[in-house]
Amino acid sequence: MKSLKKIFLNGIVDENPIFRLMLGLCPTLAVTTAAINGVGMGLAATFVLVGSNLVVSLLKKLIPEKIRIPAFIVIIATFVTVVQLVMEATLPSLFNALGIFIPLIVVNCIILSRAEIFASKNTPLAAVIDGLGMGLGFTLAITLLAAFRELLGNGTLFGLTVMGSTYEPALIFIMAPGGFILLGFILAFLNAMRKEGA
Amino acid sequence: MTGFTKIVLIVISAALVNNYVLSRYLGICPFLGVSKKVETAVGMSAAVTFVMVMASVITFLVQDLILQPTWLAKLGVENIPDLRFLQTIAFILVIASLVQFVEMMIQKTNPSLYSALGVYLPLITTNCAVLGVAVINIREGYNLVETVANSFGAAIGFGLAIILFAGIRERLEYSDIPKPFIGFPIALIAAGLMSVAFLGFNGLIG
């Protein structure tokens with residue numbers, strides 16, 4: 001069995017869900033108009049990921065092979081409902097900013113794929129660590145993209161003005177096309193870095 | 001505004017102005033995953049259209065009859081149960097079983113299409129556009145006819161985007177692209193440019 005540290009780092013670097021596996025792109029592009037939304041979305045998904053990985057791993061012997069996917073989805077949906085209710089009660093402004101993408105965490109492919117690939121085959125402890133690593137990898141990537149978009153499209157970072165008053169915000173970056181284009185450039189940059197490093 | 005005009009406006013708005021893929025960012029996974037060939041893109045969008053419209057109708061009924069049963073008031077029932085917190089779970093179960101049904105149907109009637117769509121068919125379950133449309137229908141407070149119109153428009157928009165995009169990607173295969181951009185990066189940038197084009201529909205409906 002791989003060491004826990006390796007499992008943890010796997011999600012952040014080697015198999016970063018967004019930059020390497022290209023999973024969970026809808027929320028990645030949709031909520032990243034401001035850095036704070038990226039952090040909120042990332043942490044919400046991390047919570048669901050850790051919770052569902054733990055439960056799936058605990059129940060792996062009880063869930064029949066044939067209906068495992070619906071079973072996983074119900075487990076994930078339960079955790080999403082928890083996040084939804086807690087966030088609505090405690091952080092209403094973030095809840096409104098993320099809007100429809102909170103219930104849509106259910107269909108975030110990262111979570112289902114970790115349940116299927118990892119949690120259903122490993123011990124509960126390893127599954128939790130994997131969930132944490134993947135979740136933080138997702139959070140880092142989504143926050144990075146959101147920070148770039150907020151900086152270029154609004155001239156601010158986490159709501160603070162950074163670029164100075166002479167900066168003319170390039171609105172396109174917080175509109176729909178900017179998300180696609182910026183993510184494309186970030187991926188190309190990472191590809192180029194990797195080729196040189198290898 | 002007459003009822004019919006409103007329906008037409010909902011369809012156009014869902015398909016073009018607020019295109020679910022290119023301006024609301026729903027359903028990006030199949031959009032990038034199944035768009036390498038025009039043929040599979042057509043099959044995928046047909047499957048999505050069917051699932052999306054069916055799922056919207058069924059989730060609408062589930063919401064109206066079970067989760068938020070205001071009709072009980074007419075029967076004189078007091079203490080109407082409010083089960084809206086179960087929305088996410090109920091909707092995803094409806095969609096998952098519907099997808100299973102469509103999968104079995106395509107497998108029986110059209111094996112070649114089935115093998116072409118491969119792993120992406122079960123993935124319609126996790127196509128956020130399907131659940132997204134269902135949730136948006138409820139949030140917008142659409143009635144049954146408007147629900148059908150909105151989900152049909154969304155499906156048309158999804159199909160339009162994915163088929164056009166597949167056409168672009170077939171061309172990209174033969175283009176000379178800088179090495180780091182090959183694959184997903186150039187596809188994302190192409191999608192971004194398409195999204196710019198769709199911005200042009202803004203203001204089509206005042």
Side-chain angles (χ1 to χ4, degrees), chain A residues 19-20 22-32 67 69-70 72-85 88 99-113 172-173 175-196, chain B residues 18-33 85-93 95-97 99-100 122-136 139 177-199 202:
Chain A
F19 292 149
R20 282 293 180 85
M22 309 297 299
L23 289 174
L25 287 183
C26 306
T28 306
L29 291 166
V31 304
T32 50
I67 58 155
I69 299 288
F72 294 164
I73 289 179
V74 173
I75 293 169
I76 296 168
T78 311
F79 281 101
V80 171
T81 308
V82 171
V83 169
Q84 205 173 348
L85 295 175
E88 189 169 13
I100 186 178
F101 284 91
I102 295 285
L104 288 185
I105 296 177
V106 178
V107 285
N108 189 322
C109 344
I110 301 170
I111 299 171
L112 188 62
S113 78
I172 188 95
F173 282 105
M175 290 163 81
F180 285 111
I181 294 174
L182 203 56
L183 185 60
F185 275 103
I186 292 179
L187 287 174
F189 176 74
L190 291 175
N191 277 345
M193 294 296 287
R194 205 174 301 142
K195 292 252 164 57
E196 275 168 28
Chain B
N18 290 314
N19 185 288
Y20 274 70
V21 179
L22 294 170
S23 75
R24 290 200 207 218
Y25 292 128
L26 291 167
I28 304 284
C29 300
F31 178 67
L32 290 172
F85 70 97
L86 286 176
Q87 194 189 53
T88 311
I89 299 184
F91 281 17
I92 193 69
L93 279 179
I95 293 169
S97 25
V99 169
Q100 194 83 48
L123 281 187
I124 296 184
T125 311
T126 51
N127 180 340
C128 32
V130 178
L131 182 61
V133 171
V135 175
I136 286 174
R139 292 205 175 176
I177 301 163
K179 241 189 179 162
F181 282 92
I182 291 173
F184 273 117
I186 195 72
L188 280 167
I189 292 168
L193 295 177
M194 252 180 97
S195 169
V196 175
F198 271 74
L199 273 186
N202 267 353

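Chain A is the first sequence line, chain B the second, and so forth, proteins listed ahead of strands; every chain is numbered from 1.
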Heavy-atom pair count under 4.5 Å with chain B, highest-scoring of A:Pro27, A:Ala77, A:Gly184, A:Pro177: A:Pro177
Looking only at heavy atoms, which two atoms of A:Val107 and B:Cys128 are closest? And how far apart? CG2-CB, 3.5 Å
Nearest heavy-atom contact between A:Ile100 and B:Gly132 is CD1-O, 3.4 Å
Does any backbone or side-chain atom of B:Leu22 lie under 4.5 Å from a heavy atom of chain A? Answer side chain, backbone, both or neither. both
Examine whether an atom of B:Ile136 lies under 4.5 Å from a heavy atom of chain A, and if so say whether it belongs to the side chain, the backbone or both; otherwise answer neither. both
In the structure I gave you, are the side-chain heavy atoms of A:Val106 and B:Ile89 within less than 4.5 Å of one another anywhere? no
Proximal component of A:Phe101, with respect to chain B [non-hydrogen, under 4.5 Å]: side chain
If you measure from CD1 on B:Ile189 to CG on A:Leu187, what distance do you get to the nearest 0.5 Å? 9.0 Å
Test A:Leu104 against B:Leu26 for side chain to side chain contact (heavy atoms under 4.5 Å, CB included), laying out the working first. CA-CA 10 Å; A:Leu104 288 185; B:Leu26 291 167; 3.3 Å; yes
B:Ile92 side chain near A:Ile76 side chain, heavy-atom distance below 4.5 Å: no
If you compare all heavy atoms of A:Ala188 against all heavy atoms of B:Pro185, which two are closest, and at what distance to 0.1 Å? N-CG, 3.8 Å
By side-chain contact (heavy atoms from CB on, under 4.5 Å) - contacts of A:Ile75 (at least two apart): A:Ser52, A:Val55, A:Val56, A:Leu59, A:Ile63, A:Phe79
Looking at B:Tyr25 and A:Ala30, what are the two nearest heavy atoms and their distance? CD1-CA, 3.1 Å
Within-4.5 Å side-chain heavy-atom neighbours: A:Asn191 and B:Phe184: no
What pair of heavy atoms forms the shortest contact from A:Pro103 to B:Arg139, and how long is it? CG-NH2, 3.9 Å
Option that, when pairs with chain B are counted at under 4.5 Å, heavy atom only, ranks first among A:Ile172, A:Leu25, A:Leu85, A:Leu29: A:Leu29
How many angstroms lie between CG in B:Leu86 and OG1 in A:Thr81, if you round to the nearest 0.5 Å? 7.0 Å
Heavy-atom distances under 4.5 Å only: say whether B:Val130 touches chain A with side chain, backbone, both or neither. neither
Using heavy-atom distances under 4.5 Å, tell me whether A:Thr28 contacts chain B through its side chain, its backbone, both, or neither. neither
Between B:Val21 and A:Phe180, the two heavy atoms sitting closest are O-CZ, 4.0 Å
Looking only at B:Gly183, B:Ala191, B:Ala187, B:Ala96, the option with the highest number of non-hydrogen pairs under 4.5 Å against chain A is B:Ala191
